Amino acid sequence: MAFYVQKYGGTSVGSTERIKNVARRVAKFHAQGHQIVVVVSAMSGETNRLIALAKEVQTHPDPRELDMMISTGEQVSIALLSMALMELNVKAKSYTGAQVKILTDNSYTRARILDIDKNKISIDLNAGYVVVVAGFQGIDGTDSITTLGRGGSDTTGVALAAALRADECQIYTDVDGIYTTDPRVVPEAKRLRTITFEEMLEMASLGSKVLQLRSVEFAGKYKVKLRVLSSFEDEGEGTLITYEENGDMEQAVISGIAFSRDEAKITVLGVPDHPGIAYQILGPVADANIDVDMIIQNVGFDGLTDFSFTVHRGEFANTMNILREKIQPHIGARDVVGGDRIAKVSVVGVGMRSHAGIASKMFRVLAEEGINIQMIGTSEIKVSVVVDEKYMELAVRVLHKAFDLDQIL
Ligand code: ADP
Ligand code: ASP
Ligand code: MG
């Protein structure tokens with residue numbers, strides 16, 4: 001007998017038929033004697049629908065009220081799934097995040113989980129119930145409802161698995177595991193049997209939305225056994241996230257390619273090249289709570305230099321305003337220019353540690369396709385480039401082929 005936390009995403013609970021299908025799967029595990037906590041997302045499209053509704057009423061919806069509203073999508077799913085389980089004669093009980101005291105900070109729309117009260121869930125599990133918990137939501141110290149950021153049900157699943165010490169956290173979704181890249185963009189992408197935690201962390205932070213970044217961080221912190229599987233297929237072992245490099249010499253150097261369209265680039269032109277300038281530019285950006293990703297400062301010429309960086313696309317207008325109004329006049333820069341039609345493409349693999357030449361191969365492959373690289377960033381296990389958005393999919397496809405990712409067994 002094992003104890004599983006199973007998370008089912010939006011597509012997997014996208015209709016009442018699909019919810020019944022999830023109930024059948026859960027009932028099967030339950031009948032085998034396993035203890036099950038199920039975490040569900042809102043039915044697909046529901047969170048977007050609710051956000052759009054809020055924007056019809058308030059241009060920039062108040063974050064607390066927005067969370068109050070968008071948390072309701074998951075509340076519908078948990079009740080429907082519990083009913084579907086009862087129809088199959090399985091004892092089931094649903095809880096919102098607040099009801100099982102998923103305590104978070106008060107950063108509405110992107111709150112962090114601080115603590116979970118395990119009591120109620122444990123009592124129900126021991127009484128033979130399947131416990132169904134709403135993903136994506138919690139409650140802060142003042143009893144206000146919070147949400148955990150888009151894709152946050154993954155984090156609810158992993159956090160519950162960590163708190164309750166489940167044997168495994170199973171993320172059921174509309175693909176049967178983690179692929180070498182998004183199979184919607186590259187049909188030849190291959191499922192990985194395992195991926196190291198570090199690689200998954202990079203993939204998630206570089207744009208692969210198959211797992212929310214925070215869920216991977218959480219899994220690493222508490223060493224949760226985490227697996228991604230299909231909610232539509234009965235067979236298949238999915239992809240297991242591992243915490244050790246397997247030392248396999250045959251292992252591919254590159255494990256995957258991640259990409260993100262959510263990027264924007266800003267360049268401050270003609271900045272006086274003297275100490276403190278990076279701080280003068282990025283300090284006010286950081287003060288406005290805007291995350292900066294890649295940064296490039298050119299070699300100065302005639303005492304002047306150019307300074308470029310990227311931010312999330314949603315922060316582009318705001319960042320441009322800050323630079324033009326607060327920073328440019330202050331530091332005497334010639335101009336501030338930018339664009340939000342860029343994308344980031346990254347190759348990821350722990351094998352890079354022991355293999356040279358990955359970056360140069362990446363640049364050659366892109367050059368052969370005539371794709372201009374606007375920015376470059378590297379870490380020990382990834383190389384990222386910023387390219388024009390319109391070349392993003394082409395870049396992903398040619399790199400996938402060049403690094404033989406379609407040959408992985
Ligand atoms: P859910 O609603 O179940 O949370 P998501 O849409 O959040 O599902 O995540 C699953 C999707 O992630 C897949 O349909 C796929 O298009 C996308 N995806 C992106 N990168 C990858 C990858 N490397 N491997 C598998 N799926 C990926
Ligand atoms: N329903 C939320 C979203 O669409 C959370 C999730 O699906 O994980 O982002
Ligand atoms: Mg998701």
Side-chain angles (χ1 to χ4, degrees), residues 6-15 18 22 38-52 66-67 69-78 96-97 109-111 133-138 146-159 169-195 199-216 227-232 236 238-239 241 254-262 345-349 392-393 396 399-400 405 408:
Q6 303 189 329
K7 178 259 174 178
Y8 292 88
T11 321
S12 310
V13 296
S15 63
R18 287 189 171 173
V22 169
V38 189
V39 173
V40 279
S41 293
M43 296 167 83
S44 58
E46 180 62 7
T47 310
N48 287 344
R49 188 185 74 84
L50 292 169
I51 293 172
L66 188 63
D67 277 357
M69 188 167 88
I70 61 179
S71 62
T72 61
E74 273 70 12
Q75 194 170 335
V76 171
S77 304
I78 52 170
T96 63
T109 75
R110 50 174 180 175
V133 180
F136 180 54
Q137 55 179 265
T146 53
T147 65
L148 310 178
R150 299 308 303 269
S153 298
D154 297 332
T155 301
T156 308
V158 177
C169 179
Q170 303 172 332
I171 306 284
Y172 287 93
T173 183
D174 55 5
V175 280
D176 63 351
I178 309 287
Y179 277 65
T180 46
T181 194
D182 190 339
R184 284 179 213 268
V185 171
V186 182
E188 297 78 25
K190 288 278 191 312
R191 179 175 61 86
L192 299 163
R193 287 177 45 243
T194 61
I195 183 168
E199 289 169 329
M200 194 60 238
L201 199 62
E202 287 281 11
M203 292 280 280
S205 78
L206 295 167
S208 299
K209 293 196 175 108
V210 58
L211 286 176
Q212 195 198 33
L213 175 59
R214 283 197 187 156
S215 73
V216 186
R227 196 186 287 278
V228 176
L229 314 113
S230 165
S231 65
F232 300 121
T239 302
I241 283 79
I254 300 299
S255 296
I257 300 180
F259 52 84
S260 159
R261 285 187 185 85
D262 304 331
V345 176
S346 312
V347 299
V348 175
M392 187 192 80
E393 293 198 5
V396 174
L399 289 168
H400 194 269
L405 292 177
I408 286 182

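Both ligands and their constituent atoms are indexed starting at 1 by order of listing. This is a predicted model, so every value here is computed, not measured.
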**OP:** Verify the distance criterion only: is there a donor paired with an acceptor across the side chains of Asp67 and Thr146 at less than 3.5 Å?
**Re:** no
Original post:
Would a distance-only check, ignoring hydrogens and angles, find a side-chain to backbone donor-acceptor pair under 3.5 Å from Thr156 to Phe136?
Top reply: yes
Original post:
Purely on distance, is any nitrogen or oxygen of Asp154 under 3.5 Å from one on ligand 2?
Top reply: no
Original post:
What part of Thr181 sits under 4.0 Å from ligand 1 if we count only heavy atoms: the side chain, the backbone, both or neither?
Top reply: backbone
Original post:
So which protein heavy atom does atom 7 (O) of ligand 2 come closest to, and at what separation?
Top reply: Ser41 OG, 3.2 Å
Original post:
So is Ala258 in contact with ligand 1, going by heavy-atom distances below 4.0 Å?
Top reply: no
Subject >> Polar side-chain atom of Gln212 near backbone of Arg150 as donor-acceptor pair, under 3.5 Å >> reply: yes
Original post:
Of Thr173, Val40, Thr11, which has the heavy atom at the shortest distance from atom 3 (O) of ligand 1?
Top reply: Thr173
Original post:
Looking only at heavy atoms, is any part of Ser153 under 4.0 Å from ligand 2, and if so is it the side chain, the backbone, or both, or is it neither?
Top reply: both
Original post:
Taking heavy atoms and a distance under 4.0 Å, where does Lys7 meet ligand 1: side chain, backbone, both or neither?
Top reply: side chain
**OP:** Using a strict cut-off of 4.0 Å, indicate which atoms of ligand 1 neighbour a heavy atom of Ile178.
**Re:** 24 (N)
Subject >> Asp174 and Arg18 ion-paired at < 4.0 Å >> reply: no
Original post:
At under 4.0 Å between heavy atoms, which part of Glu74 makes contact with ligand 2: side chain, backbone, both or neither?
Top reply: side chain
Subject >> Of the listed options Tyr8, Tyr179, Phe259, closest to atom 22 (C) of ligand 1 (non-hydrogen atoms) >> reply: Tyr179
Subject >> Thr181 side chain vs Ile257 backbone, donor-acceptor pair below 3.5 Å >> reply: yes
**OP:** Below 4.0 angstrom from a heavy atom of Asp174, which ligand 1 atoms are there? Numbered from 1 as shown, please.
**Re:** 10 (C), 11 (C), 13 (C), 14 (O)
Original post:
Which residue supplies the protein heavy atom nearest to atom 25 (C) of ligand 1, what is that atom called, and how far is it?
Top reply: Gly177 O, 3.4 Å
Original post:
Out of Thr180, Thr47, Asp182, whose heavy atom is nearest to atom 17 (C) of ligand 1?
Top reply: Asp182
Original post:
Is the side chain of Thr239 donor-acceptor paired with the backbone N or O of Leu192 at a distance under 3.5 Å, no angle test?
Top reply: yes
Subject >> ligand 1 N/O within reach of Asp154 N/O, cut-off under 3.5 Å >> reply: no
**OP:** Output the list of atoms in ligand 1 that are nearer than 4.0 Å to some heavy atom of Lys209, sorted by atom number.
**Re:** 7 (O), 9 (O)
Original post:
Looking only at side chains, do Thr147 and Gln137 share a donor and an acceptor under 3.5 Å apart?
Top reply: no
Original post:
Should Gly152 be listed as contacting ligand 2, given a heavy-atom distance under 4.0 Å as the test?
Top reply: yes
**OP:** Could you tell me whether some N/O pair between Arg150 and ligand 2 is separated by less than 3.5 angstrom?
**Re:** yes
Original post:
After noting the C-alpha distance and the side-chain angles of Glu74 and Ser41, does the key distance pass the side-chain contact (heavy atoms from CB on, under 4.5 Å) rule?
Top reply: CA-CA 5 Å; Glu74 273 70 12; Ser41 293; 4.0 Å; yes
Subject >> Flag, side chain of Arg214 to backbone of Arg110, donor-acceptor distance under 3.5 Å >> reply: yes
Original post:
Are any side-chain N or O atoms of Thr155 and backbone N or O atoms of Ser215, one a donor and one an acceptor, separated by less than 3.5 Å?
Top reply: yes
Original post:
N/O of Gly10 under 3.5 Å from N/O of ligand 1, yes or no?
Top reply: yes
**OP:** Determine whether the side chains of Gln75 and Thr96 contain a donor N or O and an acceptor N or O closer than 3.5 Å.
**Re:** no
**OP:** Could you tell me whether Gly151 and ligand 2 have an N or O pair separated by under 3.5 Å?
**Re:** yes
Original post:
Does atom 6 (O) of ligand 1 have any protein heavy atom closer than 4.0 Å?
Top reply: no
Original post:
Which ligand 1 atoms, with their elements, are less than 4.0 angstrom from a heavy-atom of Arg184?
Top reply: 13 (C), 14 (O), 15 (C), 16 (O)
**OP:** With rounding to the nearest 0.5 Å, note down the distance linking CE in Met203 to CG in Leu213.
**Re:** 12.5 Å
Subject >> Check ion pair Arg261-Glu393 (N to O, under 4.0 angstrom) >> reply: yes
Original post:
What do we get for Val210 next to ligand 1 when only non-hydrogen atoms under 4.0 Å count, side chain, backbone, both or neither?
Top reply: both
